Structures are given as structure tokens and as C-alpha cells.
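Down below is the structure, laid out as C-alpha cells.
Note that the structure is predicted; figures quoted are calculated from it, not measured. Throughout, protein chains are lettered first and strands after them, A, B, ... in sequence-line order, and every chain is numbered starting at 1.
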Amino acid sequence: MSDADPTRAELPDVAYAVALAALRDMTPARLRVLLDGCSAREVHEQLVGGSAALVERLARLGGPLPAAPSDEPLDMEVGWGVSGSLGAMERARARAKEWLRAWRLEVSRSSVAPRWAALSAGGIGVVRRGEAAYPCRLGRAQQTPELLYVRGRLDQLAGPCVGIVGTRRATHYGLEVAAELGRELSERGVAVISGLARGIDAAAHRGALAATSRPSLPLAVVGGGVDVVYPRENLRLWDEVVARGGVVSEAPPGAPPESWRFPLRNRIIAALSQVLVVVESSRQGGAIHTVLAADTCGVPVLAVPGSVRSPQSEGTNAIIQEGGAGVVLDVYDVLAELSMVCEHDGTLTSFSPARTATDPRRPVSRSWRHGRDRRPPPPPQAELGAPGHRAARLTAAASGGAPERSAVLDRSIALCNPTERAVLEAVDYTATLVDLVCVRTKLDLGVVALAIDRLEELGLIRGDGAAWIRA
Amino acid sequence: MIAAVPSATLLGVEGRKILVEVHVSNGLPGFTIVGLPDAACREARDRVRAALLSSGLPWPTRRVTVNLAPSGVRKAGAGLDLAIAVGLLVASGEIEAAAVAGCAFVGELGLDGTLRSVPGVLPVVAAVATEAVVVPWSGVHEARLVGGPVVRTARSLRELVEAIRGRAPWPQPPEASGRGRRLLRPGADPLGSETAADLTGERAPDLAEVRGQVVGRRAVEVAAAGGHHLLMSGPPGSGKTMLAHRLPGILPPLDRAAVLETCRVHSSAGLPLPERTLGGEAPFRAPHHSVSAVALLGGGTAYLRPGEISLASNGVLFLDEMAEFPTAVLDALRQPLEEGVVRIARARATVTLPARFLLVGAMNPCPCGQGGACQSCGCSQAQLDRYARRLSGPLLDRFDLHIAVERLGTNDLFGHEAAESSAVVAARVAAARAMAHARGVTCNAAIPAHRLDELARLDPRATALLRRRVNQSTLSARGLDRVRRVARTLADLQQVEGPVSAESAATALELRAGRRAFVGRWVA
């Protein structure tokens, strides 16, 4: 603890920040408050010594900070700043003292140096806010992350970057579109940022890695520690992303992928992206959190439209309808938006946002010549300006009207065996041929045919000419 | 002097034995052919005269009467030229009658005395039933297929006369390539064990090249195994033709009788022997949609030439762009499809031609071709209805299998492990056909309705599955029978002898799903 310790004197300040971040119950918000403008080493010493200043700082968090961490998006907004009665303030102080007591015990038991050594040994880099390597775009995020752990590299952020997000329970349509966009963007030298979650995230990364001509480097922002592979099924993909690009996280290494971490992760994806593309999302899905975060950072949002019957496209269709998101019909829509952002902030690009002669799209109307003009006019500024406006609308729409039909369908789905469920998932909300179902499920035609008969009996799908369609 | 020389003419795919009687007598020089010769036959007089003179043989300046017996039967074509010439030479004493006894003559004569080929050498030689037969140079292969008479040939009348007189040996026909070589080897079985690939050096197109088309691949397999007619609808470039062309490669090899029959039809139509069929491969005929009813079914004025359906007998008749065929032509297929033969009746004759073919139809989903099961196009509903009506209901009913084929995305074309090859599928098909034969039917498509309960019994789950469809009115009574036959074939392909499972029944329904898009909305 004393300055006489020779090893400790050589440790950089960030090593102390890493040690603090690794404490139990240390959330990114608490870490940020603790380190607010101070050197981590000082804070570390204050913590060991016990300091009233720290109590005051932590108490400022006040309010319903996640003592039992919640994944509410409000985590980022509400409780930021003191509100409420004197009693509430007192309670906040008492809680802060409790944390500090627990942390003091923990700090005195562990030391900084081994943890720091273990990080570098594990190939994990750390970037602290204010350092040159810290991605400057992250500054616009709410609650700018204090520390960023990196496996792989971060320099792809200097070039054009597009975030691709979406639901984890994606349909085949969504997965295919995400993979296609990921590949086509990557082939044009655009870095694809996503979350390595199930569904759309993984598909986007798979697509990006499948790019053949001069692929860009992918970047994944994950919820847990950068060394905690979650979901396990993405292990190989994860390793490939680390090898070819980078995986970053705000959570200290070893942090489990707790559910409250994911909305926080989403704000990082939103802030790092120059353009955010939502491929499929339900009305209240995690991808909507990312959209809200992108709104607050001023990142343009594009959405891939889907069937109006598909629950997985409800969210994306809704944000398009509200005028808050441009429509992605193909990769050129993304490139057009991206080139404008890049021009604005001076990012060097090598792609051409113009459609090639081999891939023309004729305008439907003469008056709408260019991609942007296809958009409806944005809603009045006053309406957009209100924070949480989009969240409120989405939530209101979701709660209105009892979804009786979907409850019936859910009951039917509960009657299905795993094979039938797999077949059901392979049937789109648009007409799907049995060939495609077989290719997607890798099941024999006979098994698929039997499952289809059962699903039709349950009313989950119906025949549409020679094809099948989700009810 | 009188001479009688056996020969034969062609009617349909059968030869008819004709005795050419030549009478040379004193009287006013002249040449008469009697016995109902048609125009080509009557013109034999001038051809024979010129041929004899060009060959340095004398033309008798006496009265010559040629009778074609039996006199009541119409004789067509120039195939009797040679027999008339030989009869004339015998009757005028140029050749001894004993030298040509027991020998039949078939062939047309050129003015310079060359022997020319005629259509139908194979059936004609089969009909003459003599010890020896002389056929034109190029007809030797066909004549040897018959296996009966000693086959002799010559290039010209002069060569022939020299050989008959014993002054020169019979000329040896030329070495031919492929199958012909073996056919000409004395004593060799004309139908050996060589496959089509051995004979032609060309592999049949392989089913392994068809990627992603799960339903399409299964449909051709079922069609081959059960003899079920198949209709495919899908946009251009979706692989319909590709699938159809792979059918001969998976159909079971033809037996000896079937090969002979197919060769006989080809010979009768004046076509060269189908080399691939000589190797046991099923014939494949794909007439253009401008085909006339006569060209498709057979007929014509002269000798009732067999049509495309007979040429495809024992094999596949592929009608691409089926909706473009004239409706009347398509509807004419109904009777042959039902009976396996086509009866051509004309005022003078009625012939029965073989027509046991597997019908494979391909058509676009709509007039513009861009629509389909998964996307819509600019065609109006009225246009679509009109298009669907081009195939009449009764004809549509003949198709046990009706599938929709779609263009696949690039994702499906790449990155899949190679599909099963034709050889693997063909083995399954052969085993399934053997099971059907053991049950006493030629193929499952031919199971009569009254034997369905016995031969295509359903297990309880399959019964429940199909009963539900019938109760929903999404499956008609006739459709039910067809589904049961297809389900039987599917079970046979899995070597399941017992009752048909629900899985097979459901698959059979899927293999008919194309019909839903076609006939009303729902009735399969």
C-alpha cells in the first residue's frame, strides 16, 4: 500500500482503474462517478483509506440505481442526478457507504499488479477514456464508458463503420438479409459492428467474415467480459472475429453476460457506428434500445422492412412508419447514408455509394430520383426533440390491444415438438416453398412434409398456392 | 415365265409380308404393276428399268406384269423396288430361281442401280420370315437385331446379281462405330451387356448436378420408380428441363423386348437406331410445342408413321412449355395415357402403336413466366385463369405428381455438399420397381383402383391424415387414389413392404402441391 513498494510504482494509472472496475457490484456508472476526473490511483488510495468524498460522489447517483441490476433502458437516463427528498439522499448515502465498505475489504485482499499482468497475458488490451486510442465517437454516448477492454484491434474504427443489429430470435429472412448486408458492406471496406449475439448479430458477422474481396475488419461489442464467450454456439465465430478484427466490452474480463449489461452494450454499438441498420426487431426488442441510443447520439438509423404479419419485423416497420428510420432495400441505401456521414466527419472512404450499371434500380416515380428522396419528411423537430419520444410511442403501441390471436398461436406452438418448431421457423411470413424449408432445416422431405401437415392442422401455417406461409 | 420373290412393306410399326409375282410373257412390250400400289410404288417401274439398264442388265422387251400379293392391301413406298427387279431378272431368266429361293429382298433402287435404304427395315425383316434376306447397306444393323434370317447386303444391283450368280462373294458391310461394330460381328448377340455410356462414350446427365431442388429431385425419383406422370411449373431457369433430362439416367434399364420395340419404332419412323437405347437406356423425346397432332400421335397417309409418343414408348415424353401446345393436341394424349397404346384408324387400315411413356410436362407459372409460387408478377387474374385452362382438367388429372419449381438463391446454389448421384437413385428406383413387380403390377401408377386397399394399405396415422384432407375438401376422391399410389411408391423407395406411413402420405401430398396453385385454390 505504501509508495515504497517498487513494483507498484511502475504500474500505469489505468491498472488501478482496471482493479477498481473488477470489484464486485461495480457497474460502469459507479466506476464513472468514482473516477470522475481523478486519477485512478488516487481513488484507489482513497478507497483503501476511506474517504467521505467518495461517499458523496456515489450518493450523487442516488435514485434507483440497479442495486438489483435491471435491464431497463432507463438505467442510462433516470437516476442520473439527484432528485427526491432528503430521505432519499440519506438512503443513497447509506448505500454508498455500504458499497465502499465492501470494496475496501475486497481491495485490501487483492492487489493491483497481478490483475494487470493477467490482462496482458490474456491478450486483452485496455483503453481508458481520454487516451489517444480511445474511440473518439464513443464520447457522444450517454455515460461514456470509462474503460474499454479489447481483444484484437480497434483501428478499423478510423474507417467507415456500420452497425447491424436485430433480434436474437430472427427469421430466416432476417438472417439472410443480415448476412448479405454484412458481406456486401465488408466487401466495400466498411467495418461491420455488431454484438455477437444469437440471430441477426451473428449473421451479420458471419456475412462480414464471408466477404471475399478486400474484406474489412469486423468489430464486436459484447455484453459480458471479452473473454466470456456467450452464447457458446458462437465460439468459432467469436474466435474468428478476434483473429480478424476485434471484440470490445465495457465489462471487465470474466464478467458474466448478465442481462442488465446488454442495453449498456447497445449504447456502445450505437455510438461507435456511423450508421445503424436494424434488420429485424420486435417492438420492444433489444435492438430498439440500440435505436434509442443511436437517436440520442445522433447516429442515423436505417431499417430493413419486413412482412406486416411478422412479429420479428414489427419494430423495424414501426420505426420506418414513424419516419425515424430510412428504409434499406439493398446495400446501396446504407452506402448512400454512410457516405454522407463520412463526408461530414471527414472519414476516408473507398466505396462508391452510387449504384453500378450492372445493378440498377429504376425509380418508381420520376420525382424521386435519389435514395434519400424516397423517405417521408421527418416529423417536426419539437416532436423528435423530446427524449424518449420514440420509446414512449413504441411502448404505447405495444401495450394497446390484447393480442388474442398471438396467444392462440402461442398455445398451438406449445403443442409442437422440436422438429415441428424447427420447420415452423423455416416458414416465412411470405410464401415459402418446401424446398427452402428442407434446405433451411436440413431435414428430409418426408419429415418436413409430416411436420407441415401437423402445423397446418394446428393453424400455424397455411397453403399459399404451391407454397406455405406463416399464419 | 413367272417368278415369286418374298418381300414386305411397312404399316405402322409392323411389317406386312408381300409376295412379288412377276410374269414375263409374249405380247406387246409393257410393264404393269397391279395389287394396289401407291404412287411411289407404281413409279417403281421407271426406277427398276433405269437401274437394270445402268447395271448392264437387259430390260425384257416383252409384256411384264407385276402383282403385289395380297392384292387387296395398299402397298406404300419404294421398298419393293429390289424385289421387283430381282423377280424380273428371275422371270426373264437372268438369274436362276433356285439361287434366290428362300431369300427375301428389301430396298429401293436408284436410277444408277444403287441400293437405297428404306424406313422400317427392322419390322420388315421381322415380317418376311425367310431363311435369308437382302437389305440395303445401311440397314444391316437393324436387320441383324431381328436375329432370325441370314442378313445379306450389297451396294448396288450389279454387286447383288454377281453375288447371286455366285461369281463374287457377298460383300461384307462396313465397320460401324459403337454398337454397330458388335452388331456386325458374326455370331455375336446384337443386344449385349454394354450400357449406353459404353456405346456412345457419353455419360447421361447426372442428378448430382441438380442442387437444392429437394422436391424436384424427389419428384423425378418417384416418377421413375412408380411410373407417375410429372408436371412441373416454375419460372424460366428454375431447372425444370434439367430435372427432366436426368430421368433416363435413373429409370431402370430396358429389357430386351423393350429395346427391340423401341428400335422397331425408330426404324419405322425412318430414324437411325437410338444408340443409347441399344445400351438399355430409356428413350427421351422432347417435341417442340409446335408439334401437330399427327406428328405427336402418329399417322399420315402413306404407311401410318409412328409419332413422338410411340418413339418415347418405354421412356420419357417431355413436353416443355406445355401450356404452349395446342389444347387439342394435348387432349389427344388422354387415351394413349390411359391405354398404353395409340390406335390410329384410317379408312384403309387401323394400326396400334405402342405408347407406354412417362409423361413429364414443364410450364411457366403464368404467361409472362416471372410469377410463381413465391412471387407475383404483372399478369392479371384473368390471364392466369386463361393460362391455367390451357391444360384441360382430365389431362391435369393424369399427373400424379405436380410440383412447383423455383429459382434458387445464390445461398442455395453454393456451399451445399454434393447431392446424390444418378447411380444411387437408380439403384433405389430399380429396387422399388422390383417390389411393384412382385406385387403383380407393372408399376405403382398402374395399380387399379379396386386393388388399392390391398396393395397400398394405409397405416392408421396415414388414414387420419388423408381423411382430414378429404373432410376439408382439400383432397378429392380421385386425388386420394393418386396420392395413395404415390405414397406406395415412396414406401417402396424406402423398401417398406407394409402399410403406407403418414410420412409417405404427407410427402405424396407435398409432391402434388403444385396442383393447389392450379386447380381452384385448394383441391389436390
Side-chain angles (χ1 to χ4, degrees), chain A residues 172-184 187 203 206-207 209-210 212 307 359 417 419-420 423 426-459 461-470, chain B residues 211-219 221-222 233-234 238-239 365 371-376 402-406 408-412 415-417 461-462 464-466 468-469 472 474 487 490-491 493-494 501-518 521-522 524:
Chain A
H172 285 273
Y173 160 74
L175 296 177
E176 284 161 17
V177 172
E180 238 168 76
L181 283 177
R183 181 174 56 79
E184 291 184 18
E187 278 173 358
R206 283 210 176 86
L209 291 171
T212 44
S307 161
D359 191 11
N417 65 31
T419 311
E420 286 156 5
V423 171
V427 178
D428 287 332
Y429 287 87
T430 51
T432 316
L433 273 192
V434 176
D435 296 88
L436 202 51
V437 179
C438 289
V439 168
R440 283 170 172 177
T441 57
K442 299 190 172 62
L443 290 171
D444 181 67
L445 177 61
V447 178
V448 169
L450 200 56
I452 277 185
D453 181 76
R454 167 100 171 126
L455 293 172
E456 199 236 340
E457 189 179 358
L458 290 171
I461 58 172
R462 60 193 168 72
D464 178 74
W468 294 96
I469 196 164
R470 276 287 281 273
Chain B
R211 283 165 173 275
Q213 301 280 17
V214 182
V215 173
R217 290 173 51 94
R218 184 66 62 90
E221 181 178 338
V222 170
S233 49
S238 55
C374 296
Q375 66 266 21
S376 44
H402 186 165
I403 59 166
V405 185
E406 277 296 313
L408 292 170
T410 45
N411 289 350
D412 300 317
H416 283 287
E417 61 272 27
R461 280 185 64 208
L465 190 150
L466 292 179
R468 192 169 64 76
R469 299 293 186 117
Q472 275 178 353
T474 55
L490 283 161
L493 282 169
Q494 295 175 331
S501 69
E503 195 176 299
S504 297
T507 312
L509 282 171
E510 266 326 307
L511 292 178
R512 257 174 100 72
R515 210 178 141 77
R516 284 203 308 257
F518 223 84
R521 257 238 84 100
W522 269 109

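Residue B:Gln213 holds its CD atom at 8.5 Å from CG of A:Leu433, rounded to the nearest 0.5 Å. Atom CG of A:Asp435 sits about 8.5 Å away from atom CD of B:Glu406, to the nearest 0.5 Å. Note that the OG1 atom of B:Thr474 and the CD atom of A:Glu456 stand 6.5 Å from one another [nearest 0.5 Å]. Between atom CG of residue A:Leu445 and atom CD of residue B:Glu221 there is a gap of 10.5 Å, rounded to the nearest 0.5 Å.
Using a 4.5 Å cut-off between heavy atoms, B:Ile403 makes no contact with chain A at all. Using a 4.5 Å cut-off between heavy atoms, B:Gln472 touches chain A through its side chain atoms alone. For B:Arg468, the part lying near chain A is the side chain, with the backbone staying farther off; criterion is any non-hydrogen pair under 4.5 Å. With a threshold of 4.5 angstrom between heavy atoms, A:Asp428 does not approach chain B through any atom at all. A:Ile469 does not touch chain B: none of its heavy atoms, backbone or side chain, sits under 4.5 Å away.
Closest of all the heavy-atom pairs between A:Ala449 and B:Glu510 is CB-CG, 3.8 Å. When every heavy atom of A:Leu450 is checked against every heavy atom of B:Arg461, the shortest pair comes out as CD2-NH2, 3.7 Å.
Side-chain atoms of B:Val214 and A:Val439, non-hydrogen and from C-beta on, do get closer than 4.5 Å to each other.
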